[in-house]
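Small disclaimer: the values here were computed from a predicted structure and weren't measured. Below, all heavy atoms of this structure are taken into account, side chains as well, without hydrogens, waters or symmetry copies.
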Amino acid sequence: ASFALGRAQELLSVIESARQSGDLSASVPVLVDGMIRQINPIYRKLAQFKVARDAFTEVTGEGERRILAHGAQTSPKIIVTTSGMLTGGPAIEYAQQLLPDARNRIILTGFQDEGAPSRALRDLSNIGVGPRPVELTDESGEVIRFTAARAAEEVHLSSHADEPGLIEYAGRLKPNIIALVHGEPSAQEHLASRLRHLHKRAEVHCRPSELPIP
């Protein structure tokens, strides 16, 4: 499960590197679905995205998606698809069709917001073994139910600077006001504490609903 902008292109590049190094068999097909198909051409035009078009196959519709999911029961495949937090998109359809079989698994490839549907699937590892019912609510409010034989696995890829990087960046900017609007509340409070200590002249706000700009 991937974000369409940036993360998917990174994943496809990593997969292609693994193929070239021999860490991944070239016989395992790689398929791309969801909004990623619309973003890839933009990356090819404006950024350094050099994965060959024939390195993966695009899935173009629901019928093809069902055929693909059926075929995955007999031969291994890698599917890179949106949405990255299972809030909608083809990832949910694949989850419904593939996850009852323990041979299949969803890999979460980015930060999962608190309350994101993906967390319910990731946290199955904390409640024992065996097929378990999963209930997700997508971005339209629809409740989706299916059975998962294995929990989702989360890998720690990030598009953001880490704490030292953010502190160094703030040091170069020397801002009067710093607003922390992303991340877990506990992580925000920890970062705010360090920023206040290092940049005593700056006002540091966590999750402000309003922010006066002088």
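With a 4.5 Å cut-off on side-chain heavy atoms, Ile144 and Leu86 do not count as touching. Taking 4.5 Å as the limit, some side-chain heavy atom of Phe49 sits within range of a side-chain heavy atom of Leu12. Under the 4.5 Å side-chain criterion, counting only non-hydrogen atoms from C-beta, Pro185 is in contact with Glu114. You'll find the side chain of Asp138 stays beyond 4.5 Å of the side chain of Thr87, heavy atoms only. Contact annotation: the side chain of Thr109 never approaches that of Phe3 to less than 4.5 Å [non-hydrogen atoms, C-beta and beyond].
Proximity of a side-chain donor or acceptor of Arg119 to a complementary backbone N or O of Asp113 within less than 3.5 Å is detected. A donor-acceptor pair under 3.5 Å is formed between the side chain of Arg19 and the backbone N or O of Ala55. Looking at Arg65, its side chain never comes within 3.5 Å of a backbone N or O of Tyr94 through a donor-acceptor pair. When atom types are taken as modelled, the side chain of Arg194 and the backbone of Ile167 share no donor-acceptor pair closer than 3.5 angstrom. Arg7 contributes no side-chain N or O that, together with a main-chain N or O of Ala1, makes up a donor-acceptor pair within less than 3.5 Å. With Arg37 contributing its side chain and Thr60 its backbone, the two residues share no donor-acceptor pair below 3.5 Å. Judged by distance alone, the side chain of Ser21 and the main-chain N or O of Ala18 form a donor-acceptor pair under 3.5 Å. Glu153 places no side-chain N or O within donor-acceptor distance of the main-chain N or O of Ala151, the cut-off being under 3.5 Å. Under a 3.5 Å cut-off, the side chain of Arg145 and the backbone N or O of Pro133 do not form any donor-acceptor pair. The backbone N or O of His190 lies less than 3.5 Å from no partner atom in the side chain of Ser193, so there is not a single donor-acceptor pair.
For the pair Gln96 and Pro100, the tightest heavy-atom approach, listed with the atom from each and the gap, is O-CD, 3.6 Å. The shortest non-hydrogen separation linking Val204 to Arg196 is O-NH2, 2.9 Å. Nearest heavy atom pair, residue Ser27 against residue Pro29, reads O-CD, 3.2 Å. Pairing each heavy atom of Ile178 with each of Ala170, the nearest pair is CD1-CB, 4.4 Å. Contact between Leu124 and Arg150 at its shortest, heavy atoms only, is CD1-O, 4.4 Å. Of all heavy-atom pairs between Pro117 and Leu136, the closest is O-CD2, 3.1 Å.
The closest side-chain donor-acceptor pair between Asn176 and Glu203, if any, does not fall under 3.5 angstrom.
Atom CG of Leu191 and atom NE2 of His182 lie 12.0 Å apart (nearest 0.5 Å). Between the CZ atom of Phe146 and the CG atom of Leu98 there is a distance of 10.5 Å, given to the nearest 0.5 Å. Of the inter-residue distances, the one linking Lys77 atom NZ with Asn104 atom CG reads 10.0 Å to the nearest 0.5 angstrom. Taking NE2 of His205 as the start and CG of Leu195 as the end, the distance is 12.0 Å to the nearest 0.5 Å. Taken from OG in Ser17 to CG in Asp23, the straight-line distance is 10.0 Å, to the nearest 0.5 Å. Atom OH of Tyr43 is separated from atom CD of Gln48 by 11.5 Å, given to the nearest 0.5 angstrom.
Residues Leu121 and Phe111 are members of separate hydrophobic clusters, defined by side-chain heavy-atom contacts under 4.5 angstrom among Ile, Leu, Val, Met, Phe, Trp and Tyr. When the side chains of ILVMFWY residues are joined at heavy-atom separations under 4.5 Å, either directly or via intervening members, Leu24 and Val155 end up in a single hydrophobic cluster. Under a hydrophobic-cluster definition in which Ile, Leu, Val, Met, Phe, Trp and Tyr are linked whenever side-chain heavy atoms come within less than 4.5 Å, directly or via other members, Ile15 and Ile36 are assigned to the same cluster. In the hydrophobic cluster analysis, where Ile, Leu, Val, Met, Phe, Trp and Tyr join through side-chain heavy atoms closer than 4.5 angstrom, Leu31 is grouped apart from Ile67. Under the 4.5 Å side-chain heavy-atom criterion for grouping Ile, Leu, Val, Met, Phe, Trp and Tyr, Met85 is not connected to Val143 through any hydrophobic cluster.
Applying the side-chain contact (heavy atoms from CB on, under 4.5 Å) test to Glu210 and every residue at least two apart in sequence or in another chain returns nothing. The side-chain hydrogen bond (donor to acceptor under 3.5 Å, both in side chains) check on Thr82 picks up nothing, with sequence neighbours excluded.
Remark: Glu189 engages Arg207 in a salt bridge, criterion side-chain N to carboxylate O under 4.0 Å.
Lys200 NZ: more than 12 foreign heavy atoms inside a 6.0 Å radius. By the neighbour-count criterion of 12 heavy atoms within 6.0 Å, atom CD of Gln38 is densely surrounded, having more than that number from other residues, nucleotides or ligands.
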Steps toward side-chain contact (heavy atoms from CB on, under 4.5 Å) verdict (Arg66, Glu62)
CA-CA 6 Å; Arg66 286 193 295 269; Glu62 291 186 14; 4.0 Å; yes
Please test Leu68 against Glu64 for side-chain contact (heavy atoms from CB on, under 4.5 Å), starting from the C-alpha separation and ending with a verdict.
CA-CA 6 Å; Leu68 169 61; Glu64 191 173 338; 5.6 Å; no
Between Thr147 and Leu99, is a side-chain contact (heavy atoms from CB on, under 4.5 Å) present by the stated rule, with each step listed?
CA-CA 7 Å; Thr147 299; Leu99 294 190; over 6 Å; no
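Among the candidates Val80, Val32, Asp33, Ile79, the single residue satisfying the side-chain contact (heavy atoms from CB on, under 4.5 Å) test with Val59 is Asp33.
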